[in-house]
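Throughout, residue positions are numbered sequentially from 1 according to the sequence presented.
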Amino acid sequence: MSDQRKKLAILLWAATAERPQLCATPFVHAAAAAAFDCEVEIHFAGPTVRLLVAGVAESLRPWPQAETSIYQMIRQATNLGVRLNACAMAMGALVAKDEPLIPEYGGTIAASAFVVRALDPEWATLVY
């Protein structure tokens, strides 16, 4: 991997709490990239920010028989160094100020932060 990009930005857009079957893959890919010593960021946009509310991702399974929760997948990724950031506008609109957030949450960023990553040749991007 020495001559390839070593930075990955993932945008969560359609992988929402209402569609848990779409939520596993982004976190599995993030963990895999981090395991390959890539710098990895996950940008939560729109309704995906609800996954950052304590208890939401813990209650979700990607399929009915799955033992592993979406939250466990998030923790696996963050334990490997993946950073979790959310769109400030989406957080303000969709998460109440008194709702507790998961401890792995890294903070809010501007929506333009993902665009900056997409335009930077050092970063690869994936959208889910």
Side-chain angles (χ1 to χ4, degrees):
M1 274 186 84
S2 60
D3 61 340
Q4 296 177 359
R5 293 182 272 195
K6 298 281 283 179
K7 299 177 182 183
L8 176 64
I10 295 174
L11 176 68
L12 291 189
W13 176 74
T16 64
E18 294 75 28
R19 300 170 74 182
Q21 70 277 13
L22 301 180
C23 292
T25 302
F27 299 111
V28 171
H29 285 175
F36 286 124
D37 294 325
C38 289
E39 180 179 346
V40 183
E41 300 174 346
I42 299 178
H43 297 240
F44 292 73
T48 68
V49 298
R50 296 292 309 160
L51 296 172
L52 297 168
V53 174
V56 173
E58 183 60 42
S59 69
L60 300 175
R61 304 290 186 275
W63 51 87
Q65 297 78 22
E67 292 184 25
T68 303
S69 71
I70 298 301
Y71 180 62
Q72 289 170 308
M73 294 176 184
I74 290 171
R75 288 195 60 202
Q76 180 184 23
T78 58
N79 285 342
L80 290 167
V82 174
R83 290 188 313 273
L84 309 180
N85 296 306
C87 170
M89 188 174 12
M91 288 294 283
L94 301 170
V95 176
K97 297 231 183 279
D98 62 343
E99 286 186 286
L101 303 174
I102 61 173
E104 296 81 8
Y105 170 57
T108 58
I109 54 174
S112 60
F114 183 78
V115 174
V116 169
R117 296 296 192 226
L119 296 173
D120 187 329
E122 292 186 11
W123 286 81
T125 55
L126 296 171
V127 178
Y128 296 91

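When side chains are defined from C-beta on, Val53 counts as touching Leu101, because their heavy atoms get closer than 4.5 Å. Side-chain contact between Leu52 and Val95 is absent, with no heavy atoms from C-beta onward closer than 4.5 Å. Side chains of Leu84 and Ile102 form a contact here, defined as non-hydrogen atoms less than 4.5 Å apart. Under the 4.5 Å side-chain criterion, counting only non-hydrogen atoms from C-beta, Phe44 is not in contact with Met91.
Atoms CG and CG, on Leu80 and Asp37 in that order, are 10.0 Å from each other to the nearest 0.5 Å. How far CZ of Arg61 is from CE of Met73: 9.0 Å, rounded to the nearest 0.5 Å. Here the CG-OH distance, from Leu11 to Tyr128, works out to 11.0 Å after rounding to the nearest 0.5 Å. Leu12 contributes atom CG, which lies 11.0 Å from atom OG1 of Thr25 (distance to the nearest 0.5 angstrom).
The minimum heavy-atom distance between Thr16 and Pro47, with the atom names listed, is CG2-CG, 3.9 Å. Here the shortest heavy-atom pairing between Val56 and Leu51 reads CG1-CA, 4.3 Å. Residues Gln72 and Glu67 come closest through the heavy atom pair OE1-O, 3.6 Å. Across all non-hydrogen atoms, the minimal contact from Leu22 to Ala15 is O-CB, 3.4 Å. Considering every non-hydrogen atom in both Phe114 and Leu126, the closest pair reads CZ-O, 4.1 Å. Between Trp13 and Thr48, the shortest heavy-atom distance links the atoms O-CG2, 3.4 Å.
The pair Arg117-Glu39 fails the salt-bridge criterion, with no side-chain N (NZ, NE, NH1 or NH2) lying under 4.0 Å from an Asp/Glu carboxylate O. A salt bridge does not link Glu41 to Lys7: none of the charged side-chain nitrogens sits closer than 4.0 Å to a carboxylate oxygen.
The other members of the hydrophobic cluster of Val115, by chain and number, are Leu119 (side-chain heavy atoms under 4.5 Å, ILVMFWY only).
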